[in-house]
Amino acid sequence: MACKWISQETFDGVVQENIAEFDMEPEEALNEAIQQFESQGVDLTNIIKAVRLQSDENEVAPKHDILLTLESLRKAVETCSVSGVSEFLVQFGDQCKLGMAHRYLAGQKSAYPVVLEAWKMCDGEREALLNALYAMSALTDGQPDLLEGVGQELLIRSLQNNLKDAEVTLFAIRLARHVCLKHEQNRQDLVKAGILRHLAQAISHHGTDPDLVREACSALRIMTFDDDIRVPFGHAHDHAKMIVLEHAGLKLLIEAAKGFTDNNLVLSELCSTVARLCVRNEFCQDVVDLGGLNFMLALLADCIDHQELVKQVLNAIKAIAGNDDVKDAIVSSGGTDLIVLAMTRHLSNTQKQACMVIRNLVSRTRDYSQPILEMGAESLILQARCTHKDCDDVAKAALRDLGCKVELRELWTGQKGSLVH
């Protein structure tokens, strides 16, 4: 059944009516309004569920804090007060970060053009520019449709003019990430405007800054997404090829990873991004030639107890294992032992990644099936099937590709590791 929607004004009006007409306490009036609308099938996701008390009897519709701040920001923009604009941008950004409902209400009340004008005023003033990027990033988080041509130009200019400034670059990249997630047109427009070059340069120039490298990797990865349901065909594959061929993306990421051997969060982002870029057979081989495979296997051995990092390393190995020559390199380097060890250590979604790696290793060849089975992979895969429902299909496929008779192993006791036939 389709959800029903109401405006913030409608919700606030019912809360005020409960207080004025039924003498309810503010908290009681709020809860009553929430229950009333939810019982009618109304989706309150984008509604600020808070009570705004009237400051005087003549005030019909008391405003939420974010709208009051927006009004103050608008007045500061009209008076061309950069200091005032900068101050209110921070307040506005903080209030946007309170939740999607706050951002949505601000967007509905024309916050974007106000923040855009403030951004224009702040261009050239470092602290004010940081605050403008912060506010715009907070506003567009989950609302990428707000961005338009002028905003795209300002974003590219902010990156281009502040390459040496790590903090400004970080804030600009975060904004780029927000406006490109689930928005294919923004991705294509920004790629045409040269954002891939700026993202690559950010990693190259600030390769020792963990926060910036993580943010840039995330933005690069988003450029390879095909997540906008409104668009039948995206340019994800083309963008991945551009990052590798025109901006030496694989070499850049692998070299950057060598500087963060003690930072699992950054390494996870880097491995995840490498996996997204391996869209062609030769790219998989490039990872090996650049030392990426040996680095990831060493990483897997050293950080076997760190679940999220293990998951992302396995994801990257799965991506490059589509190349038959790379399969040989993985096996000859002891990769299969580490993959099975990872399945043993992590009884979670890491097992799903391991199952997919195994599938890729034995696809189109059975040369490695028996050695992998001898390591105990079959019982681990069966255990993954029982433990994780979302792992069932890929686990069955891995068993099949290994040469196991899946239909005879549908039942698993899960206690003693025995099979019921």
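In the model, T169 has no side-chain atom that pairs as donor or acceptor with a side-chain atom of N162 under 3.5 Å. Between the side chains of T140 and H178, no donor-acceptor pair is found at a separation under 3.5 Å. Under the 3.5 Å distance criterion, with hydrogens and angles disregarded, a donor-acceptor pair is assigned to the side chains of Y112 and E148. Checking N131 against E127 by side-chain atom types alone, no donor-acceptor pair falls below 3.5 Å. Remark: the E308 side chain and the S268 side chain contain no N/O donor-acceptor pair separated by less than 3.5 Å. There is a side-chain donor-acceptor pair under 3.5 Å between S7 and T10. The closest side-chain donor-acceptor pair between R174 and S137, if any, does not fall under 3.5 angstrom.
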Inset, instruction - Report the C-alpha distance between R280 and L245 in whole Å, list the side-chain angles of each, state the deciding distance to 0.1 Å, and finish with yes or no for side chain to side chain contact (heavy atoms under 4.5 Å, CB included). - result: CA-CA 11 Å; R280 293 173 63 170; L245 297 176; 3.8 Å; yes

Inset, instruction - Report the C-alpha separation of E117 and K120 in whole Å, then their side-chain angles, then the decisive distance to 0.1 Å, and conclude whether the salt bridge (charged side-chain N to carboxylate O under 4.0 Å, His left out) test is met. - result: CA-CA 5 Å; E117 288 301 315; K120 293 178 185 177; 3.1 Å; yes

Legend entry - Candidate pair L89 and C122, rule side chain to side chain contact (heavy atoms under 4.5 Å, CB included), full reasoning: CA-CA 10 Å; L89 282 170; C122 297; 3.9 Å; yes

Inset, instruction - Under the side chain to side chain contact (heavy atoms under 4.5 Å, CB included) rule, what do I381 and L402 come out as? Steps first, then yes or no, please. - result: CA-CA 11 Å; I381 294 172; L402 283 168; 3.7 Å; yes

Inset, instruction - With side chain to side chain contact (heavy atoms under 4.5 Å, CB included) as the test, would you mind laying out the steps for I358 and Y368 before giving the verdict? - result: CA-CA 9 Å; I358 290 172; Y368 307 126; over 6 Å; no

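Looking at every heavy atom in both residues, I173 comes nearest to A219 through CG2-CB, 3.8 Å. Of all non-hydrogen atoms in I48 and F11, the two that sit nearest each other are O-CE2, 3.8 Å. A pairwise comparison of heavy atoms in V331 and T336 identifies CG2-CG2, 3.9 Å as the closest pair. Between D141 and M100, the shortest heavy-atom contact is O-SD, 3.8 Å. Across every non-hydrogen atom of L297 and G335, the tightest pair is CD2-CA, 3.8 Å. Heavy-atom minimum distance, A354 versus M343: CB-CG, 3.1 Å.
Atom CZ of R177 sits about 12.0 Å away from atom CG of L220, to the nearest 0.5 Å. Taking CD from E87 and OG from S81, the interatomic distance works out to 9.0 Å, rounded to the nearest 0.5 Å. Atom CG of L196 and atom CG of L190 lie 9.5 Å apart (nearest 0.5 Å). Between atom CZ of residue F92 and atom CG of residue L70 there is a gap of 5.5 Å, rounded to the nearest 0.5 Å. Here N323 contributes atom CG and C278 contributes atom SG; the two are 10.0 Å apart, rounded to the nearest 0.5 Å. Taken from CE in M121 to CG in L116, the straight-line distance is 12.5 Å, to the nearest 0.5 Å.
Salt bridge absent: E184 and R230 never bring a charged side-chain N and a carboxylate O closer than 4.0 Å. Remark: R52 does not engage D12 in a salt bridge, criterion side-chain N to carboxylate O under 4.0 Å. K327 has a carboxylate O that lies under 4.0 Å from a charged side-chain N of D324, or vice versa, which qualifies the two as a salt bridge. Remark: D43 does not engage K4 in a salt bridge, criterion side-chain N to carboxylate O under 4.0 Å. Using a cut-off of 4.0 Å between Lys/Arg side-chain N and Asp/Glu carboxylate O, D401 and R359 are scored as salt-bridged.
Side-chain contact check for K396 versus R400: every heavy-atom pair is 4.5 Å or farther apart. Residues N46 and W5 meet the side-chain proximity criterion, which asks for heavy atoms closer than 4.5 Å. Within the 4.5 Å cutoff, no side-chain heavy atoms of I47 are placed close to those of Y104. Here the side chains of I19 and V51 are in contact, with some heavy-atom distance below 4.5 Å. Between L155 and M136 there is no side-chain heavy-atom pair separated by less than 4.5 Å. L361 is listed as a side-chain neighbour of I339, based on a closest heavy-atom distance under 4.5 Å. Using a 4.5 Å heavy-atom cutoff, the side chains of L300 and M296 are not in contact. Residues D325 and C284 are not in side-chain contact: their nearest non-hydrogen atoms beyond the backbone lie 4.5 Å or more apart.
Between the side chain of R187 and the main chain of C180, a donor-acceptor pair closer than 3.5 Å is present. With T344 contributing its side chain and V340 its backbone, the two residues share a donor-acceptor pair below 3.5 Å. The backbone N or O of L265 sits nowhere less than 3.5 Å from a side-chain atom of E269 that would complete a donor-acceptor pair. Checked by atom type and distance alone, the side chain of R276 pairs as donor or acceptor with a backbone atom of T224 at under 3.5 Å. At distances below 3.5 Å, at least one donor-acceptor pair connects side-chain atoms of S363 with backbone N or O atoms of N360. A side-chain donor-acceptor contact under 3.5 Å links K49 to the backbone of L44. H205 places a side-chain N or O within donor-acceptor distance of the main-chain N or O of Q201, the cut-off being under 3.5 Å. Of the possible donor and acceptor atoms, one in the side chain of S39 sits under 3.5 Å from a partner among the backbone N and O of Q35. Between the side chain of S333 and the backbone N or O of I330 there is no donor-acceptor pair closer than 3.5 Å. Between the side chain of R103 and the backbone N or O of C96, at least one donor-acceptor pair lies under 3.5 Å.
Listed by first and then second residue, the side chain to side chain donor-acceptor pair (under 3.5 Å) pairs involving residues 239-265 are E255-K258, N264-H306 (not counting sequence neighbours).
Residue K75 places its NZ atom among 12 or fewer non-hydrogen atoms of other residues, nucleotides or ligands, all under 6.0 Å distant.
Remark: E32 pairs with no residue by the salt bridge (Lys or Arg N to Asp or Glu O under 4.0 Å) rule, at least two apart or across chains.
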